[in-house]
Each structure stands twice: as C-alpha cells, then as structure tokens.
Amino acid sequence: MNVKIQLLKEMINESKKIVFFGGAGVSTESGIKDFRSADGIYMMDYKYPPESVLSHSFYVQHTAEFYDFYREYLCFPDAKPNMAHFKLAELEQSGKLKAVITQNVDGLHQLAGSKTVYELHGSALRNYCVKCGKSHDFDFVYKSNGIPKCECGGTVKPDVVLYEESLNDEVVSGAIKAIKKADMLIVAGTSLTVYPAAGFIRYFKGKNLVLINKDATAMDENFGLVIHGKVGEVLREAV
Ligand code: OAD
C-alpha cells in the first residue's frame with residue numbers, strides 16, 4: 001500500500017470524531033461531471049458562460065433557459081453512490097464519522113446510507129413552489145417542460161443555492177459546529193474556490209487535516225496530508 005494511504009489509514013484508526021467535507025469530485029466516480037476540471041461543466045462551450053447560468057440573476061432573467069440547463073447538467077436521475085459515498089456511510093455506522101458536509105446537490109451520500117449530512121448548497125431532490133410553498137419531488141421538476149409550475153400557478157424552484165443566494169443558516173451552523181468538534185477533517189473532491197463553503201475549513205482545530213483531491217488546489221499547503229488521487233479509490237483502500 002502507498003505510504004500516504006497507509007498514513008491515512010492510521011489517522012482514521014486513531015480518530016474518534018471524523019468529519020468529511022466534500023465537493024463535486026466526490027461524485028465524478030458516479031459519472032457526474034464536476035465544475036472546474038478540464039472536462040467540467042464550467043469548461044464546456046455553452047450559449048452562456050455556464051457559471052453565470054447558476055446565478056440568481058440569470059434565474060430571474062432567463063428562467064426557462066435556467067431550467068433547460070439545470071435539467072441537463074445538474075439532474076442525475078440514474079446516478080448511484082460510489083465507493084467514496086459507501087465508505088463514508090460505513091465509517092459513520094461504525095461511530096467514527098460524525099458528519100458529512102457536502103457542496104453537492106445529488107443526494108448520493110444519503111442514498112449510500114449516510115445520516116448526518118449537511119448539504120451546504122441544498123439538494124435537487126427538494127423543490128418548492130415560490131408562491132404557496134408546496135414541496136415537490138425531483139421528478140416533478142426533472143420531467144416537466146419549460147418552467148415547472150405548481151397547481152397554484154407558482155414556479156417550482158429547486159432547493160439549490162445559486163450564486164448570489166445565501167446558504168441556509170441552520171445547515172451552516174451545524175456544519176461549523178461539527179468541524180469545530182472534529183479530531184480529523186477529511187476534505188476531498190473540491191477545488192476549494194467557492195466561498196463561504198471553502199472557508200469553513202479554518203474552524204478545524206483538531207489533529208489530522210487531510211486533503212484527497214485529483215488535482216492540486218491553492219490550499220494544498222494548509223493540509224497535514226495531501227493525497228492526489230481519486231477519493232473513491234483512496235477510501236476503498238484506507239477504510
Ligand atoms: P469543482 O469542480 O470546483 O472541483 C472539483 C475538484 O474535485 C477538482 O479539484 C478535481 O480535481 C477534483 N476531483 C474530480 N474528480 C475527483 C475524484 N474522483 N477524486 C478526487 N478529486 C476529484 O467542484 P466544487 O469544489 O465542489 O455550486 O465546486 C464548488 C461549487 O462550485 C459547487 O458546489 C457548485 C459550483 O458552482 C453550486 O452549484 C451552487
């Protein structure tokens with residue numbers, strides 16, 4: 001076994017309050033594209049800069065086009081959890097892992113069995129009518145055409161945090177509390193470029209701070225252990 005993975009394994013063995021903080025790279029092994037890799041969503045040629053489509057102002061100004069993009073690139077009806085999701089659920093069940101904090105909206109951690117999941121950017125599985133507040137499921141939005149409309153006539157909006165929108169206070173405080181209490185923080189599959197999420201890492205005061213990421217990030221030097229690799233493959237070996 002690779003020396004770094006062996007070290008990760010030892011850290012996991014000695015830790016009692018592990019928190020995992022992940023991003024889009026956690027789901028690429030489930031066939032979901034991330035945003036900023038060479039083949040990521042933000043790198044593709046699209047009629048609008050893809051990053052701008054996921055903003056509140058674009059949603060307001062070009063609502064129908066937002067939904068076209070959203071259904072095509074942010075909805076994954078057939079995606080299944082991968083080894084990263086399953087190993088984290090296993091670690092939680094064994095009592096070692098206290099929380100998963102994710103920037104993903106695909107619900108795959110819960111599908112793998114994780115219970116304490118802080119979804120910083122919301123979930124595509126929850127959708128609400130902006131007029132009457134009625135909740136609608138994933139299929140309601142995914143299978144509708146154009147702008148999804150509630151029976152009351154209001155637009156049904158995914159519970160996904162767009163640029164210019166704020167994060168849910170309860171989710172943020174739960175995530176920060178978990179990080180503050182952790183003795184090990186595993187950060188994985190994230191470019192650590194989107195705030196406030198990326199800044200939460202500074203609340204960690206525990207011993208073992210680990211980064212597992214395919215590519216280098218601007219924050220690599222802040223971590224005690226950096227493994228450049230695929231998170232599913234790394235966790236398969238280490239857990
Ligand atoms: P990014 O696309 O910015 O970064 C994903 C990172 O994961 C990259 O650094 C990849 O190198 C790495 N990666 C890809 N596959 C991997 C794998 N199998 N194992 C390990 N690492 C892998 O995604 P995020 O950091 O999650 O917001 O982006 C943050 C936010 O930006 C997203 O939540 C999204 C986006 O705008 C919203 O949609 C609200």
Side-chain angles (χ1 to χ4, degrees), residues 4-5 8 20-44 46 48-59 66-67 69-76 79-88 100-109 117-126 157-168 171-172 175 186-201 210-220 222-223 225-239:
K4 286 187 169 186
I5 296 183
L8 173 63
F20 180 88
F21 178 97
V26 175
S27 292
T28 55
E29 288 162 84
S30 293
I32 296 174
K33 277 182 188 296
D34 68 10
F35 297 94
R36 295 175 182 81
S37 286
D39 62 347
I41 291 174
Y42 291 160
M43 301 302 160
M44 70 182 178
Y46 195 72
Y48 301 99
E51 203 159 357
S52 72
V53 178
L54 295 179
S55 67
H56 184 78
S57 41
F58 188 93
Y59 172 82
F66 167 85
Y67 281 101
F69 183 91
Y70 175 78
R71 285 190 197 94
E72 187 161 357
Y73 298 108
L74 263 81
C75 291
F76 314 100
K80 302 273 181 297
N82 64 53
M83 199 43 73
H85 302 104
F86 286 124
K87 287 293 176 185
L88 292 167
V100 167
I101 302 167
T102 182
Q103 299 164 85
N104 300 345
V105 300
D106 52 35
L108 291 181
H109 284 293
V117 182
Y118 295 101
E119 296 175 309
L120 294 177
H121 294 160
S123 172
L125 307 190
R126 296 186 298 265
K157 188 172 183 287
D159 185 14
V160 166
V161 180
L162 303 175
Y163 285 109
E164 302 153 8
E165 293 178 345
S166 38
L167 274 53
N168 178 293
V171 175
V172 168
I186 304 173
V187 177
T190 174
S191 59
L192 292 170
T193 51
V194 175
Y195 285 79
F200 290 180
I201 289 159
V210 179
L211 176 69
I212 307 167
N213 213 56
K214 195 175 60 148
D215 302 307
T217 76
M219 292 213 207
D220 278 18
N222 300 326
F223 290 82
L225 173 64
V226 177
I227 300 176
H228 287 145
K230 291 187 174 179
V231 58
E233 291 177 5
V234 171
L235 291 183
R236 181 202 297 270
E237 279 197 68
V239 179

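Only a predicted model underlies this, so the values are computations on that prediction, with no experimental measurement involved. Scope of the values below: all heavy atoms of this structure, side chains included, with no hydrogens, waters or symmetry mates. In each ligand, atom 1 is the first atom listed, and ligand 1 is the first ligand listed.
The shortest non-hydrogen separation linking Y118 to V171 is CD2-O, 3.7 Å. Residue V231 comes nearest to A188 through the heavy atom pair CG2-CB, 3.7 Å, listed as atom of the first residue, atom of the second, then distance. Taking every heavy atom of both residues into account, L162 and Y59 meet most closely at CD1-CB, 3.8 Å. The two residues Y73 and F76 come nearest to each other via the heavy atoms O-CZ, 3.1 Å.
Closest to atom 9 (O) of ligand 1, if we only count protein heavy atoms, is N213 ND2, 2.8 Å. Nearest protein heavy-atom neighbour of atom 27 (O) of ligand 1: H121 ND1, 3.6 Å. Nearest protein heavy-atom contact of atom 30 (C) of ligand 1 is V194 CG2, 3.6 Å. The protein heavy atom nearest to atom 13 (N) of ligand 1 is G25 CA, 3.6 Å. The protein atom (non-hydrogen) at minimum distance from atom 3 (O) of ligand 1 is S191 OG, 2.5 Å. In terms of protein heavy-atom proximity, atom 14 (C) of ligand 1 is closest to D34 OD2, 3.3 Å.
Every residue meeting the ring pair (Phe, Tyr, Trp, His ring centres under 6.0 Å) condition with F35, not counting sequence neighbours, appears here in chain and number order: Y42.
Of all the heavy atoms of V161, the ones lying under 4.0 Å from any atom of ligand 1 belong exclusively to the backbone. Here K214 has heavy atoms under 4.0 Å from ligand 1 in both its backbone and its side chain. Looking at V231 against ligand 1, both its backbone and its side chain come within 4.0 Å, counting heavy atoms.
Backbone and side-chain nitrogen or oxygen atoms of K230 are examined, and none is located within less than 3.5 angstrom of a nitrogen or oxygen of ligand 1. Taking distance alone, with nitrogen or oxygen atoms compared against 3.5 Å, F35 approaches ligand 1 more closely than that limit. Not one N or O of N104 is nearer than 3.5 Å to an N or O of ligand 1, by distance alone. For a threshold of 3.5 Å applied to N or O pairs, the pair formed by T190 and ligand 1 contains at least one separation below that value. Not one N or O of I212 is nearer than 3.5 Å to an N or O of ligand 1, by distance alone. Between T217 and ligand 1, a contact under 3.5 Å exists for no N or O pair. Looking at ligand 1, you'll find an N or O of A24 within less than 3.5 Å of one of its N or O atoms.
Interface atoms of ligand 1 facing D215, defined by a heavy-atom separation under 4.0 Å, are 10 (C), 11 (O). Taking every non-hydrogen atom of T28 and a distance limit under 4.0 Å, the qualifying atoms of ligand 1 come out as 14 (C), 15 (N), 16 (C), 17 (C), 18 (N). Ligand-side atoms of ligand 1 in range of Y163: 31 (O), 35 (C), 36 (O), range being under 4.0 angstrom from any heavy atom. Listed by number with element, the atoms of ligand 1 under 4.0 Å from a non-hydrogen atom of G23 are 26 (O). Within ligand 1, the atoms closer than 4.0 Å to a non-hydrogen atom of Q103 are 29 (C), 33 (O), numbered from 1 in the order shown. Atoms of ligand 1 found under 4.0 Å from any heavy atom of E29 (numbered from 1 in listed order, with element): 17 (C), 18 (N), 19 (N). Close approach to Y42 involves these atoms of ligand 1, each under 4.0 Å from a residue heavy atom: 35 (C), 36 (O). Near G229, with a cut-off below 4.0 Å to any heavy atom, the atoms of ligand 1 are 19 (N), 20 (C).
Judged by the shortest distance from any of its heavy atoms, A188 lies outside the 4.0 Å radius around the atoms of ligand 1. The closest approach between any non-hydrogen atom of G40 and ligand 1 is not below 4.0 Å.
Side-chain polar atoms of H228 and D220 form a donor-acceptor pair below 3.5 angstrom. For the 3.5 Å distance criterion, the side chains of D159 and S123 fail to qualify, holding no donor opposite an acceptor.
Contact annotation: the side chain of E119 never approaches that of N168 to less than 4.5 Å [non-hydrogen atoms, C-beta and beyond].
When the heavy atoms of R36, M43, E119 are ranked by distance to atom 31 (O) of ligand 1, first place goes to R36.
Judged by distance alone, with hydrogens and angles left aside, the side-chain atoms of E164 form a donor-acceptor pair with the main-chain N or O of S57 at under 3.5 Å. In this structure, S27 contributes its side chain and A24 its backbone to no donor-acceptor pair below 3.5 Å.
Ion pairing between a basic and an acidic side chain is recognised when a charged N comes within 4.0 Å of a carboxylate O; E51 and R36 show such pairing.
With rounding to the nearest 0.5 angstrom, the CZ atom of R236 is 11.0 Å from the NZ atom of K230. The NE2 atom of H121 sits 9.0 Å away from the OG1 atom of T102 when rounded to the nearest 0.5 Å.
Ring orientation note: the planes of Y67 and Y70 are nearly perpendicular, at an angle over 60° on the 30°/60° scale.
K157 NZ: more than 12 foreign heavy atoms inside a 6.0 Å radius.
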